Amino acid sequence: MPGVIDFIERKRDGGKHSREDISMFTAGVRDGTTPDYQTAAWLMAAFIRGLDQDELAWFTEELAHSGDVVNLPGGGIAVDKHSTGGVGDKTTLIVAPLAAACGLRVAKLSGRGLGFTGGTVDKLESIPGMNLRLSTDDFSRLVDNIGIALSGHSLSLAPAEVKFYALRDVTGTVPSIPLIASSIVSKKIAGGAGAFVFDVKCGSGAFMKNARRAEALAGALVDLSASLGRASVGVISDMEQPLGRWVGNSLEVMEAVEVLSGGGPSDTRDLSIALAAEMLLLSGRAEDMISASKLAAARLADGSALEKFKQVVKSQGGDASVLDDPEHALPRSSGRAVISAREDGYVSRMDAGLVGAAARALGGGRMRHEDAIDPSVGLGIFKKIGDFVSKGETIIEVHYNDERKLDEALRPLESAYDIAESALPRRLILGRVTRETRGAAE
Ligand code: URA
């Protein structure tokens, strides 16, 4: 192994690393023997020069195996679904129990949110008693016993990735497609699943603001997974406007329960069915998209997906009775404000980024990892792009607890939407990326 300085210089000058060198460097970062300034220098070199397919696969494997790897018991492939994050994206709360109700083994590790609203872990924590810090043993036992487990990332999984990510966050090196792909895929592999569905969000409320970037990330995720022996598919979904009706932690749990009960807004429902169907296809439980979607829709309609959700909540110490009446039993804010249409017309823009900024200003999201989240605040998006609205009708309902935070939230909302003489609804699913669409032989 060359010294760390040689390693940094090789990438700085556009050279290629060997597998051994990547392994030694990653171990030094994990163990803390490589100082942060050298890791940061390499990250910037990798950000600018990129990593080729070999380097990316080797680096991802090292990250994935830098700590514990969940060992799920045999009995069929476990499938994980990962969203790159968006405003109002509560699909994991629906898709995980739905796929489990269809007979899949679902091993779901999720993050806390940094940004607009909480992550899946924060949303689930609005259910009293829910334990989202499962040990790796309890996690795999639950998958074995009831077919599903939901947990936050334990620090013992992919610890080197945690260190790299913390440094990327403060060195301007987050938005690199290879580094993002290695970060996501390494955590998925450490989580024990054998196949992945990636929901890559695209638009103003997403990390990837345009179709070109979203397609590039989806392609990198699918290629990297394949090079590490994992089947996967990338679904590119719209995030120009928020998903569904509600944005905010307990409000999103409420909407998830509505969909799991067979109702709810059509976009949340349609995307959840599409993602669950992709999981069924990947695992070989369905032959084509039509039969997979039919099966998923049937499990929503017959109540078995909701039952599975209650079962996992109960198994993880949560009070499943709140799911019988989430509107009243989950944390609710004390104040309500409304934004009404100033004229008749069609909603032609509902900016997810600005709605997300408002949710964060209300206290529903966090800027730093240590910030607390208010589970009760959020927004109801009552009109979506393409909907007709009459003058005076409510477009957005704001749920708040603190008047000062309300003022802060109203500022981005003022310019979050437009009304025009005509507007068409947006497409929800913008693309689908597989090994075949990448031009590779399966
Ligand atoms: N999400 C991740 O898990 N990693 C990244 O690098 C970016 C988003």
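Remember, predicted model here, so these are calculated numbers, not experimental data. Every number for a ligand or one of its atoms is a count from 1 in the order of the listing. If you read the sequence from its start, that first residue is 1, and numbering goes on from there.
Residues forming a ring-ring contact (aromatic ring centres under 6.0 Å, His included) with Phe59 (at least two apart in sequence, or on another chain): Trp42, Phe164. Applying the side chain to side chain contact (heavy atoms under 4.5 Å, CB included) test to Ser261 and every residue at least two apart in sequence or in another chain returns Val257, Leu306.
Using 4.0 Å as the threshold, Ile184 has a heavy atom nearer than that to some atom of ligand 1.
Taking the charged nitrogens against the carboxylate oxygens, Glu278 and Lys81 have no contact shorter than 4.0 Å, which rules out a salt bridge.
By the 6.0 Å and 45° rule, Arg245 stacks over the aromatic ring of Phe382.
Atom 3 (O) of ligand 1 has Lys187 NZ, 2.6 Å as its closest protein atom, hydrogens excluded (heavy atom only). Nearest protein heavy-atom neighbour of atom 8 (C) of ligand 1: Phe207 CE2, 3.8 Å.
Each of the atoms 2 (C), 3 (O), 4 (N), 5 (C), 6 (O) of ligand 1 lies under 4.0 Å from some heavy atom of Ser183.
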